[in-house]
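These notes concern the structure reproduced below.
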Protein chains: 2
Amino acid sequence: MAEQPKPGQPRPIPPRRPLTLRDVSERSGVSEMTVSRVLRNRGDVSEPTRQKVLLAARDLGYVPNRIAGALASQRVNLVGVVIPSLSNQVFPEVLQGISDVLEESGLQTVIGVTRYSLAREEEVLYEMLSWRPSGIIVAGLEHSDASRAMLAAAGIPVVEIMDVNGTPVDSMVGISHHLAGRRMAQTILTAGYRRIGFLGTKMPDDHRARKRLEGFEAALCEAGLTVEARDFYDGGSALQKGREMTAALLQRHPDLDFIYCSNDMIGAGGLLHCLEQGIDVPGRIGLAGFNAIELIQGLPRRLATMDSCRREIGRRAAEIIAAGRAGQARSGQVIELEPAILPGDTIRRA
Amino acid sequence: MAEQPKPGQPRPIPPRRPLTLRDVSERSGVSEMTVSRVLRNRGDVSEPTRQKVLLAARDLGYVPNRIAGALASQRVNLVGVVIPSLSNQVFPEVLQGISDVLEESGLQTVIGVTRYSLAREEEVLYEMLSWRPSGIIVAGLEHSDASRAMLAAAGIPVVEIMDVNGTPVDSMVGISHHLAGRRMAQTILTAGYRRIGFLGTKMPDDHRARKRLEGFEAALCEAGLTVEARDFYDGGSALQKGREMTAALLQRHPDLDFIYCSNDMIGAGGLLHCLEQGIDVPGRIGLAGFNAIELIQGLPRRLATMDSCRREIGRRAAEIIAAGRAGQARSGQVIELEPAILPGDTIRRA
DNA sequence: CTGAAAGCGCTAACAT
DNA sequence: ATGTTAGCGCTTTCAG
């Protein structure tokens with residue numbers, strides 16, 4: 001009497017124990033094994049049986065238990081993706097490229113975030129590997145020894161992405177940041193700039209930014225020049241910091257004629273500052289960033305930058321994993337993409 | 001030496017059976033059960049035995065199999081988080097709040113992205129529930145019937161976030177977007193603006209943006225006013241679109257004195273356009289966005305906006321899940337946060 | 001086409 | 001403090 005559900009509440013009472021194949025089996029009068037076959041579309045099952053099972057499963061609201069399934073079949077449709085951050089716009093774009101491809105292959109992306117810490121990366125990898133994924137994609141080539149050992153021992157495809165300046169555990173897909181820095185330096189020098197400053201982030205573990213700066217300085221050095229002034233920031237809005245740092249840098253070094261920024265947000269801040277101060281860009285001073293983020297499209301002037309091929313990197317990496325899973329042993333691949341310079345309106349035409 | 005892999009050629013992954021507890025057991029001479037205890041820090045184990053096990057596990061590079069562990073213990077330290085997008089800056093911030101709290105409780109965040117599609121949300125939820133997570137956090141209150149049924153039947157804590165204008169499956173944490181729109185309208189009216197336009201995104205499934213506009217219009221209506229002109233955009237850089245749409249809107253309706261934007265990026269684009277055109281902001285025209293994203297800190301003028309309490313929402317939602325797991329049945333909670341108005345410099349002082 | 005039996009690798013619950 | 005015994009819910013394998 002009191003147990004009777006009210007007419008207005010046709011929803012099934014949440015079961016105390018999650019449903020199992022057996023429940024569907026009993027409800028449909030079909031053996032567990034055949035139910036399993038129907039639910040996985042595997043093997044031949046007669047149409048009437050099939051319908052009975054599907055109906056019962058839907059009525060009950062059965063959701064299969066992948067934990068049991070994975071244990072029994074020794075197969076998991078998960079691919080781990082390890083990146084430093086989600087707030088950097090750049091990484092969601094890589095992820096997009098990855099999941100575009102993985103989805104087609106029926107693989108599920110699992111994301112892990114390291115906050116640019118190798119120690120945390122190690123934990124995240126351990127956690128991921130404990131779920132026995134079909135593959136791992138990890139940003140960067142710098143890892144702890146333990147992380148590298150884990151990855152090597154996992155016996156699954158591993159793709160390190162975004163950078164090719166180093167030795168991969170298995171495969172790698174990315175650009176040379178050393179070369180990117182070098183190319184930007186050459187472009188700047190060709191345009192006639194000579195007194196060059198740098199603004200970056202205080203991230204000791206952002207190895208890609210570090211490599212860009214190294215390549216940049218190497219190219220300047222070959223031309224007999226150096227980076228005359230540099231500043232690094234830590235935390236806060238990158239756009240705002242770009243403004244402040246540009247102001248501070250130009251105050252200290254009024255004769256700089258170019259500022260190379262480690263990313264587009266800093267560069268955008270610098271650009272806004274200069275325009276507000278009535279400083280002639282790119283005449284009096286030139287600016288460049290890195291990444292070609294979408295934001296720069298809406299700025300008063302198009303910031304010079306470089307395409308970091310994020311989407312493409314994601315896609316190619318995912319293809320390696322998907323192919324590896326399809327039986328084709330595609331390990332040990334090295335794919336280097338070409339980062340194009342987008343000169344925009346903040347570098348003088350040569 | 002014939003086995004030596006040529007560079008560039010697919011080198012086969014060393015065939016290896018993943019390590020099991022038994023391997024560690026044999027290597028250390030300790031029973032599987034005790035090894036398991038050591039690795040989980042559970043039960044009393046003598047220090048010498050403990051060390052032997054730890055050493056063996058490390059030597060072998062053993063990574064436990066959580067699939068088996070979860071099946072046996074009927075416990076999974078995973079919490080599913082379902083959000084529409086990762087490129088909207090806003091969602092990574094919610095995620096940050098969530099994982100801050102979950103990490104402390106030893107829970108792992110698993111992210112699913114719906115691309116603002118209810119059909120895809122349903123798939124993502126199904127996929128997640130099949131891993132039997134300890135809880136689910138999902139953005140928004142609008143779901144397919146099947147999704148709602150799944151969530152209700154899962155028998156785990158479910159928290160719907162970011163919105164409180166509706167009926168939750170279980171708990172909800174968010175702000176009233178209806179109220180947010182209304183409050184902004186009141187602020188604008190108090191400041192004396194009367195000819196008001198709106199710019200938004202063409203997202204039929206962004207229910208929160210829709211509710212804000214509804215609340216906004218309701219408040220205008222009560223004051224005997226209406227939104228005189230509106231435009232919606234689709235795809236592309238939001239900042240750039242904000243510029244273009246503002247230009248177009250002001251061209252068509254030169255006598256507008258305020259533009260309310262469905263988000264800060266659009267508003268920022270509008271602001272940049274106005275400043276470039278020498279239009280007096282906030283004198284000639286006022287502007288407002290929504291979300292209080294970090295970006296607006298670096299703009300030439302601080303855009304008026306509203307704090308959407310993202311971090312806090314994430315934290316509170318995660319706390320409900322963590323508490324629910326700790327045995328305290330905290331279901332059916334409703335937490336409404338207060339979205340503060342940040343008037344910035346783009347609304348006249350009353 | 002369908003079913004019965006035997007695990008997958010681990011842990012809960014008891015022994016000892 | 002350590003070992004033994006049963007499964008967890010599913011899939012593989014092999015028989016009907």
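Below, read A as the first sequence line, B as the second, and so on, with proteins coming before strands; counting in each chain starts at 1.
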Side-chain N or O of [X] closer than 4.0 Å to phosphate OP1/OP2 of [N]:
X       : N      : answer
B/Gln74 : D/dG9  : yes
B/Ser31 : D/dG3  : yes
A/Thr49 : C/dC1  : no
B/Thr34 : D/dG3  : yes
A/Arg40 : D/dT11 : yes
A/Tyr62 : D/dG9  : no
A/Ser46 : C/dT2  : yes
B/Arg17 : C/dC8  : no

- prompt: Hey, does A/Arg75 reach any base, or is it just sugar-phosphate, or nothing, if we go heavy atoms under 4.0 Å?
  reply: sugar-phosphate
- request: For B/Asn65, report the nucleic acid contact type (base, sugar-phosphate, nothing); a contact means any heavy atom under 4.0 Å.
  value: sugar-phosphate
Whole-Å distance between [N] [atom2] and [X] [atom1]?
X        : N      : atom1 : atom2 : answer
A/Leu19  : D/dG9  : CG    : C1'   : 12 Å
B/Leu71  : C/dG7  : CG    : P     : 16 Å
A/Glu32  : D/dT12 : CD    : C1'   : 14 Å
B/Glu47  : D/dT2  : CD    : C1'   : 16 Å
B/Arg66  : C/dC8  : CZ    : P     : 21 Å
A/Arg22  : D/dC8  : CZ    : P     : 9 Å
A/Trp131 : C/dC10 : CH2   : C1'   : 12 Å
A/Met33  : C/dA6  : CE    : C1'   : 13 Å

query: With no hydrogens and no angle check, is any side-chain donor or acceptor of B/Ser134 less than 3.5 Å from a backbone partner on B/Val76?
result: yes
message: Go nucleotide by nucleotide along DNA chain D from the 5' end; which of B/Gly43 and A/Ala70 gets its closest nucleotide reached first?
response: B/Gly43
message: Taking atom types as they are modelled, would you say the side chain of A/Arg37 forms a donor-acceptor pair with the base of C/dG3 within the 3.5 Å cutoff?
response: yes
Spacing of CG belonging to A/Leu125 relative to OG belonging to A/Ser144, to within rounding of 0.5 Å: 8.0 Å
message: Using a 6.0 Å cut-off, check whether atom CZ of A/Arg40 has over 12 heavy atoms from anything other than its own residue.
response: yes
- prompt: Should B/Glu26 and B/Arg22 count as an ion pair when the cut-off is N to O under 4.0 Å?
  reply: yes
message: Pair B/Arg120, B/Asp205 - check salt bridge (Lys or Arg N to Asp or Glu O under 4.0 Å), show working.
response: CA-CA 12 Å; B/Arg120 188 158 160 73; B/Asp205 288 311; over 6 Å; no
